[in-house]
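Remarks on the structure that follows.
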Amino acid sequence: MSTTQSDRLRGLLEPLVSAKDLDLEEIEVSRAGRRRVLRIVVDSDDGVELDACAELSRAVSAALDESDAMGEDEYVLEVTSPGAERPLTEPRHYRRATGRLARLQLHDGSEVVARIVEADEEGIDAEIPGVKGRKPTARRIAFAEITKARVEIEFSRKDGKNEIAQDSRNDILNDIQNEEEA
């Protein structure tokens, strides 16, 4: 997709996506046989429901019909939410993954698998699971240290919880604060 087409599409789509209280994560135009596919990926802090994708799809379709952003060739429009294994690239992605296990590749070449406890604009507070019965350790990881990150799919957590309990979260944050003061 050319930069000009990308800019035109972004300019056309961002107001429509924002009006639905969603974030425009990605615009992709690809070929599928003789047709092109316009894939629009949206997300929000509360996730994206199927009805919201359908409503947005109708609004986008109407706007594209009125513009020349896609040209005259046929295309298929897909409005979707990001997949479970999408890369974490923005602070909002980490915030939305709070409580989830993530695999982080760091600039020093190491790899860390940790549960995201909290995220802010500078980085994440993470809980690194203990090995062989040891207690988990708390660690602050700045976004500047991370080269690549993805959520790890967990089919069954040992503790049976889908999110970190508030007491556990506070303990982890206190451990990180104590380490920073030491």
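Quick caveat: nothing in here was measured; it's all calculated off a predicted structure.
Taking the charged nitrogens against the carboxylate oxygens, Glu26 and Arg39 have no contact shorter than 4.0 Å, which rules out a salt bridge.
Two residues are said to be in side-chain contact when any heavy atoms from C-beta on lie closer than 4.5 Å; Arg100 and Ile116 fail this criterion. Residues Ile146 and Leu106 meet the side-chain proximity criterion, which asks for heavy atoms closer than 4.5 Å. Considering only heavy atoms from C-beta on, Asp43 comes within 4.5 Å of Arg86 through its side chain.
Residue-environment remark: CD (Glu78) exceeds the threshold of 12 foreign heavy atoms within 6.0 Å.
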Self-check item: Evaluation steps, side chain to side chain contact (heavy atoms under 4.5 Å, CB included), between Leu77 and Met70
Solution: CA-CA 11 Å; Leu77 173 63; Met70 287 299 292; over 6 Å; no
Exercise. Report the C-alpha distance between Phe143 and Ile124 in whole Å, list the side-chain angles of each, state the deciding distance to 0.1 Å, and finish with yes or no for side chain to side chain contact (heavy atoms under 4.5 Å, CB included).
Key: CA-CA 7 Å; Phe143 292 133; Ile124 62 170; 3.9 Å; yes
Quiz prompt | CA sep, side-chain torsions, deciding dist, call: Glu25, His93, side chain to side chain contact (heavy atoms under 4.5 Å, CB included) | solution = CA-CA 10 Å; Glu25 295 291 342; His93 299 161; 2.7 Å; yes
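With Arg10 contributing its side chain and Leu13 its backbone, the two residues share no donor-acceptor pair below 3.5 Å.
Put simply, CG on Leu22 and CD on Glu49 are 10.5 Å apart, with the number rounded to the nearest 0.5 Å. Distance check, rounded to the nearest 0.5 Å: CG of Leu16 to CG of Leu24 gives 10.0 Å.
Judged as a side-chain contact (heavy atoms from CB on, under 4.5 Å), and not counting sequence neighbours, the contacts of Ser81 are Val48. Under the side chain to side chain donor-acceptor pair (under 3.5 Å) criterion, Asp21 pairs with no residue, sequence neighbours left out.
Pairs engaging residues 53-74 under the side-chain hydrogen bond (donor to acceptor under 3.5 Å, both in side chains) rule: Arg35-Glu74 [sequence neighbours left out].
Cluster membership for Leu88 and Leu101, using ILVMFWY side-chain heavy atoms within less than 4.5 angstrom, is not shared.
In the model, Asp108 has a side-chain atom that pairs as donor or acceptor with a side-chain atom of Ser110 under 3.5 Å.
Taking every heavy atom of both residues into account, Gly47 and Ser44 meet most closely at O-OG, 2.6 Å.
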